[in-house]
Amino acid sequence: MSVTGGSEWLWLPHVHWAQFIALYLFLGGTAGGAYVTSSWASLMKSLMDTDSWLGKILLARTDDDEHRYACAETARWGSVLSVLSIAVGGVALLSHLGAPLRALTFPVLFTNFGSWLVIGTWVIVLFTVVAALETLWLHFGANLQSQSGLSMFPRRILGWIDGVAPWSADRGIVWLLDTIADTTRPPSRVHGAFRLVGGALALLLIAYTAMLLSDVAVVPLWERTYLPFIFLLSGVSTGISAALLGTVASGGALTRTNHRFCLTDDAIIVVELVAIGLLVSYLASSPDVAANVTETALFGTYGLEFVGGVLILGTGLPVVLSITVTMLHQFTDVGETLWGERLLTGGYALKYTLVLVGGFLLRYVILMAAVKTPLAVPGL
Amino acid sequence: MTDRVVLAAAGVVPMSEREGTLTRRNLLKTAGAAAGAAALGGCLSGDGTDSAPSGELSTAFGNCWMCSHNCGQKAYVQDGTVVNLTGVDGHPRGSAGPDTEGTLCPKGLAQLDKTHDPKRIKEPHIRDEDGTLRKVDWETAFEETAKRLVAFAEENGSETFLDATSWAETSIFRTVWRDLYGSPERISRGIHVCAGPTFVTGGMMGVGSNNRVPDYQNSEYIIAWGRNILNSFAGQFEAKGVLEAIEENGATLVTIDPQHTITAQKSDEWMPIEPRTDGALALAMANVIIEEELYDEEFVENHTYGFEAYREAAAEMPPEEAAEITGLDADQIRRVARGFAEAAPQAGISVWTGTAQAGNGWKATQNITALNGLVGNIDRPGGLRLWKYPATASFGQVCEEDYTPRAEYKEPALKKYDEYSDYPVRHIEGIAHNLVPEMVDNDHINGIVCHHDDPLKDGNADAWIEAIEAMDLVISIDAYWNGVSRRADIVLPEATQLEKDTLGTGNWSAYPNHKWITGSKAAVDPQWNTKPDFDILTGIADAMAERTDNDDWTIFQQWDSHEEYIDDQLSTLDLTLEELDSGETNYELLEEYDYEQYGEDFTFRFDLDQVSSFATAAEEAGMDTAPEWISPGTYGDSTSEEYPLEFTDVRSVFFSHGSNQPHERLQDQFAKRNQLSEEDYRGNYLYLHPRDAEERGIETGDLVTIESKSGSGDLMAIVTERARPGFVTSQYGFGQTSAITTGEDARERSADGMNTMTLHDTQMDPITGQVDRHIAVDVTPAGGD
Amino acid sequence: MADRQDHWVFYFDPNRCIGCHACSISCKQFHGRDSDADDWRTVTHHEKGTHPASEEYDADTSSPIENVPISMSCMHCHDAPCEEVCPTEAIVKRDSDGIVTIDQDKCIGCKYCGWACPFGAPTYGDNGLMSKCNMCLDQGPGSGAGAESKNEQDNPIQPNCVSDCVGGAIKAGPEKEMVKEASQAAAERFKSNNERVIVEPFQGEENLDMVEHAATPDNAGD
Ligand SMILES: Nc1nc2c(c(=O)[nH]1)N[C@H]1C(S)=C(S)[C@@H](COP(=O)(O)OP(=O)(O)OC[C@H]3O[C@@H](n4cnc5c(=O)[nH]c(N)nc54)[C@H](O)[C@@H]3O)O[C@H]1N2
Ligand SMILES: Nc1nc2c(c(=O)[nH]1)N[C@H]1C(S)=C(S)[C@@H](COP(=O)(O)OP(=O)(O)OC[C@H]3O[C@@H](n4cnc5c(=O)[nH]c(N)nc54)[C@H](O)[C@@H]3O)O[C@H]1N2
Ligand code: SF4
Ligand code: SF4
Ligand code: SF4
Ligand code: SF4
Ligand code: SF4
Ligand SMILES: [Mo]
């Protein structure tokens, strides 16, 4: 056992939560973040729709059609991506378990409510229901039939299925979902309150992924003071990025919606970087050898992923990219030309993609570089 | 980085476990069920831990014979399968004495797997005309054995047949081979390959081979001299005794060993001596003890011979000079000499193989054993104990029929023929391990019977392999396919210890004041088509009786079973095996005997000039009869530019010589102990110091080639500060020639690791012929890992 | 509720451990586990220092080479962090005897307990379910859950690793008995250290005097 800092320690064998769990933690965060983004976009859209004073303060103009379109797209992208993320994340989580099918009996089996795994499971379940309803309401309903926008892809896919399936297209899946959506759709105030609850659940979902880890007292990297904060920021950031990547794909790159979300994202990333910095300095100054070894792992063994992936590609570069693109957009006329529009669109798309990659690598590194506090070997 | 970080990077998640078993692999039977359960394991149904064997659980006793030192075993048996093994409390060999827990060491535990090990030899085999080994039934095997033994005697003479029977669990081997078949040639572990100088000097000096195991429990100062007692114990009581002495008596433990061992780790003083310089250290200690008048004048005066010569030799070795030679610190030499002498008589030395397996080993052990006489610890509490055996009946006493001992007047070839007149050993011993190949060449040996013995790992390996192949008749009585059984003409598969009745006794134990005996009846039936050694030998005898019409061969027919024979042996003690084997324990403490029973006339010899055979041998070898310093290389290898490193082989707590290497559990834990379990490699390791490794570009886990002037082999390196610079070691008993991991169907498939004795030629102690295992070598990367 | 004093704990004396791995092997055999399965009781070896004959060694400043073995298993922690995180309560710290058991029928194999455990005790086999030392309440992975209290069994199975510990370094029993076996220093440390396991202080050179409590006869046993 060769360990930097001496081998007078008994380094404990580890049970690895590797790629699958990293993916799950990432997707969980992204799902929460995307939902929050969706809700926020819906709020803005409804402010525009009602032409309220709040809308005027927040949006300056409420009559921007492109903005309205982008808001609607963002809300839809956010909701559908939150559902997809949580679904894929859930599969990743289950596939890691020793007895995945058994875990599906959680309502009966999960009895330890002091365990973050149980709290998390219920948060996931409730969140999934809320996010699924939101997605239903945003994508289906009689008056959405003529909506365009890439975010409507679920409708299109289902519509295509209705077309090739043996049943009548008029009474197909889309029709069914439209009907359900219309009969269940709450009045807008209630819907607003519902989104508020959903938003809270979404934040809880993001935070829980960190609470799960930081409940383990013997891993200094999973320090409770910093980790939940970092994950919360990263979750919201990746959620915004996922949703807005959709909006950009729908052609909303140069809208004020994207502009504002992008800058919000940048601000979050900067705070996140500060939080990561605090965690690293905590590790460096900790008397725990595991903390020191972790730091070495972060910059050594996982240097490529952490420094290259998380710090540079996943956070630093996106902010720089985003500011550059925004500057070009706001203060030059690059956006006026077709070529320029493409360039800016590509710039935004790249930024969001990088944030997503960074978000995944952050979870990956946080798992892989986790070193348990060793036991002191008597006599050495 | 930590292991786990590295592991994680590689995406390795250690996972391997079989579920569905309540007990061990008897459940090979239920493997199907377990696999079914495994398939469901991921589902709702649990992992199906419901396939327990149905039979009653019963207990039986055993005498562990994995390293042949008789620790008591308690076996738990279910459906004819041994399902668990533990020790017997208070057992003379397996515990620390009265009211202490009896345990089993890793080797002893492996008897559980050994009993049911599918890699064992399962059927008798005979090599037919065209050279293939064929399975036969026992009747054919016995008939064929008798036929070939008779033919051999006619063609070559039975005096050219070598008896190489080793760890016997019955005492009739000698009767069969020496007395009845008439072979005067016997090679055995003791003097020939284990520690000739230790035993023979001990005998000549007057203490027998009791210099090996002092009275640990009562000791206040214990020197492990070239011994790794906490790793290579001859019965666990040794390790336990040392630990008890430290804890109960506050005893000081001193280890004299070039490499760092677990015994060195637990010691108050570790003397990391330059190999083969122990003779100088022992004389320097005598120098201090004599100079400072710390010796037992009364004992020296009344009970020793040759003190003057000893005093003179010691005077020539002041600690400063010894420090030069040994690389030790003169102050430490003084401190240990004083400590030992002051604690005496409650001070003991344990000396066995570490100082004996060298060309100058004779003088080393003579000088070391002399220290006991000097401080007068002989047969005093805590000192050198003159251990005694209980008086079981000998074969002669129990055999009611007459027979003619046929080897009685036959002289062993070594003594008889001129070809060997250059070897001083012929005055002391009837044979020397390293000379057997030469004797085969000279047609003085033409056949061999090997039982629980693997001479191919002991020394002069390549020549021995050729010799075995050249012999006219090779009989192997073994449990495993090893270098001999794979080449044998007749292979007789032996049942292992828990499958037969055993009787054990010995001298040293946790009871310094008691003779003792231990016994056990078979816990389970012989597995497959195997037989206990007693039945194999009597089977051969019966077949010989039939073929030769010589009635002498019928003498075993007076016993219907081994148990009956054992009961006869026990009759002098008024005991039966049944009595030993029943009750809470399987041992009996017998007659008590006190310390200092040696009587007025007892003489401890410092100078051996009165032992004429030795005096003659010593003269031929060019050495003195009194203690003296003889430097390394005088009789063996010296390092050179070509071979700059000194090699010697060592033991591991997981293996008994070359006899249990096939056990997966031991292999795996051995690899874990060496922190290389993630490698596929399961052979022996070569330990070398970082300096030596760096010079050669070698790192832990690299496969390296070790080479001497006579041979080479590949094994895996471990770079460690535990190794002495310039000195490399490895465990012996591995490689192609040993009992290997592959079963009967793949007999010639190679095993990991190497037979260390391919490095060896004929280096030996000239007096006893003890194999000298200090060999000049070099190590190079083998270009793989 | 049983008295805390009746809770079973392990006692380990590093001074007596000779690193022989009998305990690991014994555990595996008793529980019918194959050689290549993870050990419930592990022995690790820890090295530090320099060989005194090496050129780098300086008697005044260097420490001579040491290689210390440590034997470990589940410690049946008083506070059982594994139990706290387990979602399904598959892990139970039993009131009656303090033994921490695992019911594999409830385990989902999430490996959360593996992270939470400060001793690295939980292992996950081919079936992905947790298994670990059960103080030999019963034989086999996952066995012992729901078994009668060790304190009430007529003839409780003595932990097999203890039965086979060559050095006499490990002991197991109710806390009140184990504390009696321990030196005062060990008992104090146990109290101040979450009461997880009793470990004797290592006696280095400094505190030596801390003693607190069939062959032919000639060559038999060569
Ligand atoms: N596990 C296990 N135990 C065994 C056996 C076994 O095979 N395996 N075999 C049994 C038998 S038959 C025997 S004879 C005994 C042997 O028992 P020991 O004699 O204790 O055997 P080793 O463990 O080989 O220890 C010999 C030590 O001598 C050291 N040494 C080598 N050269 C020199 C030297 O020149 N000077 C000094 N001072 N030391 C040196 C080696 O480094 C090694 O540590 O063990 C018995 N116990
Ligand atoms: N290189 C080297 N060689 C040495 C030593 C050394 O230090 N270095 N030490 C020497 C010492 S001290 C001694 S005492 C000798 C001992 O050496 P040996 O007397 O040769 O004994 P083992 O090597 O224990 O066993 C030899 C064979 O016994 C077989 N065997 C295993 N179990 C059974 C069984 O139950 N029944 C039967 N019939 N056979 C079985 C295996 O096939 C194994 O190959 O070795 C010596 N050889
Ligand atoms: S020391 Fe170990 S292998 Fe040898 S007899 Fe005792 S238990 Fe068996
Ligand atoms: S040692 Fe680990 S597995 Fe055992 S009780 Fe403590 S936390 Fe749980
Ligand atoms: S792996 Fe099993 S025992 Fe461990 S926490 Fe998960 S469900 Fe509980
Ligand atoms: S108490 Fe039993 S289960 Fe626990 S480590 Fe010891 S042998 Fe294994
Ligand atoms: S059996 Fe005992 S002495 Fe041997 S390694 Fe295990 S704890 Fe240590
Ligand atoms: Mo030996």
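Chain naming here is simple, since letters A, B, ... match the order of the sequence lines and numbering starts at 1 in each. Remember, predicted model here, so these are calculated numbers, not experimental data. Side chains are part of it too, since the values below use all heavy atoms of this structure and drop only hydrogens, waters and symmetry mates.
A heavy-atom distance below 4.5 Å is not found between the side chains of B:Leu85 and C:Asp164. In this structure, the side chains of B:Gln265 and C:Val68 come closer than 4.5 Å at one or more pairs of heavy atoms. Considering only heavy atoms from C-beta on, C:Ile65 comes within 4.5 Å of B:Trp270 through its side chain. By the 4.5 Å heavy-atom criterion applied to side chains, B:Asp113 and C:Gln29 are counted as neighbours. With a 4.5 Å cut-off on side-chain heavy atoms, B:Val83 and C:Gln139 do not count as touching.
Residue C:Asp103 does not touch chain B at all, counting heavy-atom pairs closer than 4.5 Å. At a 4.5 Å heavy-atom cutoff, B:Tyr76 makes no contact with chain C through either its backbone or its side chain. Contacts between B:Ser677 and chain C at a heavy-atom distance below 4.5 Å are absent for every atom of the residue. With a 4.5 angstrom heavy-atom cutoff, B:Pro690 does not touch chain C via any of its atoms. With a 4.5 angstrom heavy-atom cutoff, B:Ala96 does not touch chain C via any of its atoms. In this structure, the portions of C:Cys20 lying under 4.5 Å from any heavy atom of chain B include both its backbone and its side chain. Within the 4.5 angstrom heavy-atom criterion, no atom of B:Phe727 approaches chain C. B:Ala264 does not touch chain C: none of its heavy atoms, backbone or side chain, sits under 4.5 Å away. For a residue to count as touching a neighbouring chain, one of its non-hydrogen atoms must lie under 4.5 Å from one of that chain's; by this rule C:Lys106 does not touch chain B.
Using a 3.5 Å distance cut-off with no hydrogens or angles, the side chains of C:Gln158 and B:Glu101 do pair a donor with an acceptor. B:Gln669 and C:Asp39 share a donor-acceptor pair across their side chains, judged by distance under 3.5 Å alone.
Among B:Glu274, B:Glu269, B:Lys266, the residue with the largest count of heavy-atom pairs under 4.5 Å with chain C is B:Lys266. Heavy-atom pairs under 4.5 Å with chain C were tallied for B:Val653, B:Leu328, B:Asp329, B:Leu243; the largest tally goes to B:Leu243. In terms of heavy-atom pairs under 4.5 angstrom with chain C, the leader among B:Lys240, B:Gln259, B:Arg724, B:Gln236 is B:Arg724.
Among all heavy-atom pairs drawn from B:Gln675 and C:His45, the shortest one is NE2-O, 2.8 Å. Residues C:Val166 and B:Cys105 come closest through the heavy atom pair CG2-CA, 3.6 Å. Taking both residues in full, the closest heavy atoms of C:Cys17 and B:Ile262 are given as O-CD1, 4.3 Å, listed atom of the first, atom of the second, then distance. Minimum interatomic distance between C:Asp34 and B:Arg665 (heavy atoms only, all atoms of both residues): C-NH1, 4.1 Å. Nearest approach of B:Leu230 to C:Ile18, heavy atoms of both residues: O-CD1, 3.4 Å. Smallest separation of non-hydrogen atoms from B:Leu104 and C:Ala22: O-CB, 3.7 Å.
Looking at B:Glu721, its side chain does come within 3.5 Å of a backbone N or O of C:His51 through a donor-acceptor pair.
With rounding to the nearest 0.5 Å, the separation of CZ in B:Arg722 from OG1 in C:Thr50 is 14.0 Å. Atoms NE2 and CG, on B:His260 and C:Asn67 in that order, are 6.5 Å from each other to the nearest 0.5 Å. B:Lys672 NZ to C:Ser24 OG: the interatomic distance, rounded to the nearest 0.5 Å, is 7.0 Å.
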